[in-house]
A.B. asks: 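There's a structure below that I have some questions on.
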2 protein chains.
Amino acid sequence: MTTIKDIARLSGYSIGTVSRVINNHPDVSEAARIKVEQVIREQNFQPNSNAKQLKQQSNSAITIIVKGYENMFFEGILERVQAILRDSGEDVAVAFLDEYSNEVQTAIQLCAARKPKGFIFLGGNLEFFKQDGHKIDVPCVLLTNTAKDLELTNLSSYSTNDEEAGYTVIDYLIRQGHSKVGIIGGSASRIGSQIGFRRMKGCLDAFAEHGLFFDEKTQYQPSRFSMAGGYESTQKLLKKNPEITAIFAIGDTIAIGAMRAIKDMGLSIPEDISVIGYDGIESGRYTIPRLSTIHQDTELLARKGVEDLLLRINYSHPITHEDINYTMVEGESVAKPRKRKEIRGR
Amino acid sequence: MTTIKDIARLSGYSIGTVSRVINNHPDVSEAARIKVEQVIREQNFQPNSNAKQLKQQSNSAITIIVKGYENMFFEGILERVQAILRDSGEDVAVAFLDEYSNEVQTAIQLCAARKPKGFIFLGGNLEFFKQDGHKIDVPCVLLTNTAKDLELTNLSSYSTNDEEAGYTVIDYLIRQGHSKVGIIGGSASRIGSQIGFRRMKGCLDAFAEHGLFFDEKTQYQPSRFSMAGGYESTQKLLKKNPEITAIFAIGDTIAIGAMRAIKDMGLSIPEDISVIGYDGIESGRYTIPRLSTIHQDTELLARKGVEDLLLRINYSHPITHEDINYTMVEGESVAKPRKRKEIRGR
DNA sequence: CCCGGTAACGATACCGGTAACGTTTACAAC
DNA sequence: GTTGTAAACGTTACCGGTATCGTTACCGGG
């Protein structure tokens, strides 16, 4: 293995000079730079990152913590974030957590052992951040949720304006003529991945504005953030409230499970029941029928998040909280309600 | 930050002893072990992995190289592999490559800079391994493809017996009465992710055995490994050969795109065209209609792969090549062919 | 000519661990 | 009592970088 010493020996300069060349320090002559760079290329030398990171104390890769690996929406962002980070020459580590783990605890532990330069959270529970977020001693970015109200000094956040989008969805369904709308997804308690808490708030506002009563008992059903979760929850929801003519699934993954459940109950989409999702994952564009949904701009989300993190790592920029634009995508899964036929068992 | 020195000071022992306790070395008294462990817990000390890895030369995390991130099948395995590795206390790094990158080159570069303990490849091009595989100087495991014929000393592989499974699929379709079967996916050349090369071979055997001629020109269509790829390729395939009554998509992701394309051409599944996939991803269980497919045991694949890698890293075990059992899952996307109606454009 | 300043570079301490080796102590064997 | 041996522990070199600091050589100004 070639080390900086070999480069020094072969180039006729000292390791100090070689190090300066590598790190673009000024105190090095043109001649030395050229010679050293040549040798580095010849040997295709790569500085040992362990040594570098050990010396520079506290930093290795940027760690992406993905909370809820069954949520396919994250996978799109993950890929993007990872790619951008790689192109920026950063190391990337990934930790997948299930929907119910404490991502902040995980981050704190990783800080002690791995010493990452920073974290990017794909999903996260604000309660956990409120409790222990300050213990994470490196810059963090939270994606797909906002930490605006948290008063943390180390956490930026970028997300769709979930509240507004939630409002948009319900408003849209009501305008289509649906008065009995069901909502599935998110957890009633604040435990869990907590995505959808704000979305729900927007929904309630929309109902209120239209003068409609929303009975959380019979029109709402919590759900794991997965297709299987959506499937089960839809069955439960429609069983306890057969009047429902439209379902808002708080994530596309859940919506796909919901559509399958509806079909299995002998009903058709959108004739009997309309379905609308949230996220805009690729799969939703290929379902039969195509899924109507709120499309979040993953590309932008990823880019902004990474940009923010790098600026803060390298130049101690201030934290930012920003809402990213969303668009509603009309697929084929929503129609005006019609007179309901009997629900057939299967 | 607490270091091993702090532990030494606080426990009244030397750093040598502390190190021995941490690493379970024998030469340490019961009293010392207990005391040191207590202090470690109190301070909740985590050894600095950079220092450790620097000293131990050549090793940091185990790196998972995912080739073709649009292939949802990999994401299931990735999650599993990652979880098992984490439970084993290993660091995990992930690199996502697109379908057309050279994963072996990437691994070689990572070896120089990152010094991982080993690699797990999710998908891979055998040609690349044949060329440069020997340059990767750490243990590797290839998942979802076999390196049996490669004569590499550092590469184990676990995969479904693709050839046999390919045979099974075509045999099944033919027994259902389909004589004009189309195949999409995989690349005709050996460049690209190359998944499906063996699958194709099994297919050809099945056609031959049943005395059917398979015209690669009109019955085969290469495809990117994504829903979008499946969509486009299906359109092309059905355009150049409208006689086809069944399509074998060489991956479920492709199959989902195919189903959508068929639907958009005004045909129905499975009445007009049967579709069968390969992989057994979760999405396929929620499509409408449910996708028939070859289900690969991701859990087993992941477990065997990780187990193999760890054994070889820690105990220099020999390499292994093993075929994992597959099962055919009958969904709702395959039926006996019927008299074809005209293809309507859309 | 001498001095101060500076560009360019070398020598070296240090980061936090590991492991080889040396030292101490206790105890058994002779 | 001396010696051998092994357990238990301390000391220290080393991993491959970075950064500080010291050194050298050369420059211009007085």
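Per chain, numbering begins at 1; letters A, B, ... match sequence-line order.
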A.B. asks: Can you tell me how far the CZ atom of B:R80 sits from the CG atom of B:L143, to the nearest 0.5 Å?
C.D. replies: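 Rounded to the nearest 0.5 Å, the CZ-CG separation comes to 13.0 Å.
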
A.B. asks: Are A:E42 and A:Q38 linked by a side-chain donor-acceptor pair shorter than 3.5 Å?
C.D. replies: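 Their side chains do contain a donor-acceptor pair, which is all the 3.5 Å distance test asks for.
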
A.B. asks: Tell me which of B:G12 and A:A51 sits closer to the 5' end of DNA chain D, going by the nucleotide each one is nearest to.
C.D. replies: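 That would be B:G12.
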
A.B. asks: Under 3.5 Å, is there a donor-acceptor pair linking the side chains of B:Q131 and B:E127?
C.D. replies: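 On atom types as modelled, these side chains do not qualify, holding no pair under 3.5 Å.
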
A.B. asks: Going 5' to 3' along nucleotides 19-27 of chain D, which nucleotides have protein heavy atoms under 4.0 Å from the base (write B), which only from the sugar-phosphate (write S), and which from neither (write -)?
C.D. replies: SB-------

A.B. asks: Yes or no on salt bridge (Lys or Arg N to Asp or Glu O under 4.0 Å) for A:E299 and A:R303, after CA distance, side-chain angles and deciding distance?
C.D. replies: CA-CA 6 Å; A:E299 172 69 32; A:R303 221 178 43 237; 3.6 Å; yes

A.B. asks: Would you give the length of the straight line joining atom CG of B:D6 to atom CD1 of B:I15, rounded to the nearest 0.5 angstrom?
C.D. replies: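 Spacing of CG (B:D6) from CD1 (B:I15) equals 11.0 Å.
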
A.B. asks: Can you find a heavy atom in the side chain of A:H317 that is under 4.5 Å from one in the side chain of A:L310?
C.D. replies: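 With C-beta onward as the side chain, the pair stays apart.
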
A.B. asks: Quick check: do A:I22 and A:I4 have side-chain heavy atoms less than 4.5 Å from each other?
C.D. replies: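 Yes, side chains in contact.
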
A.B. asks: Quiz question: by atom type and distance under 3.5 Å, do the side chains of B:Q296 and B:T160 form a donor-acceptor pair?
C.D. replies: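 Checked: B:Q296/B:T160 side chains pair up, N/O donor to acceptor below 3.5 Å.
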
A.B. asks: A:D132: which residues meet the salt bridge (Lys or Arg N to Asp or Glu O under 4.0 Å) condition with it, sequence neighbours left out?
C.D. replies: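 Partners of A:D132 by the salt bridge (Lys or Arg N to Asp or Glu O under 4.0 Å) criterion, ordered by chain and then number, come out as A:K135.
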
A.B. asks: Could you tell me, to 10°, how much the axis swings from one end of the helix from C:dC1-D:dG30 to C:dC30-D:dG1 to the other, five pairs per end?
C.D. replies: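 Here the local axes at opposite ends form an angle of 60°.
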
A.B. asks: Is there a side-chain contact between A:I136 and A:V104 (heavy atoms, below 4.5 Å)?
C.D. replies: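 SC-SC contact between A:I136 and A:V104 confirmed.
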
A.B. asks: Which residues in residues 26-41 of chain A have at least one heavy atom lying under 4.0 Å from any atom of DNA chain D?
C.D. replies: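 Output list: empty, so none.
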
A.B. asks: Would you mind reading off the distance between B:I4 atom CD1 and D:dG10 atom P, rounded to a whole angstrom?
C.D. replies: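 Going from CD1 in B:I4 over to P in D:dG10 covers 12 Å.
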
A.B. asks: Taking B:S156 as the fixed residue, which of B:E322, B:H321, B:R312 is the one that meets the side chain to side chain contact (heavy atoms under 4.5 Å, CB included) rule?
C.D. replies: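 Filter result, single survivor: B:R312.
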
A.B. asks: Could you list where the contact with chain A starts and ends along DNA chain C, reading 5' to 3', using a 4.0 Å heavy-atom cut-off?
C.D. replies: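 So the contact region on DNA chain C extends C:dA8 to C:dG16.
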
A.B. asks: Just wondering, do B:F96 and B:L78 contact through their side chains at under 4.5 Å, heavy atoms?
C.D. replies: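 B:L78 vs B:F96: side chains touch.
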
A.B. asks: Mind checking what makes salt bridge (Lys or Arg N to Asp or Glu O under 4.0 Å) contact with A:K35, not counting sequence neighbours?
C.D. replies: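 Applying salt bridge (Lys or Arg N to Asp or Glu O under 4.0 Å) to A:K35 gives none.
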
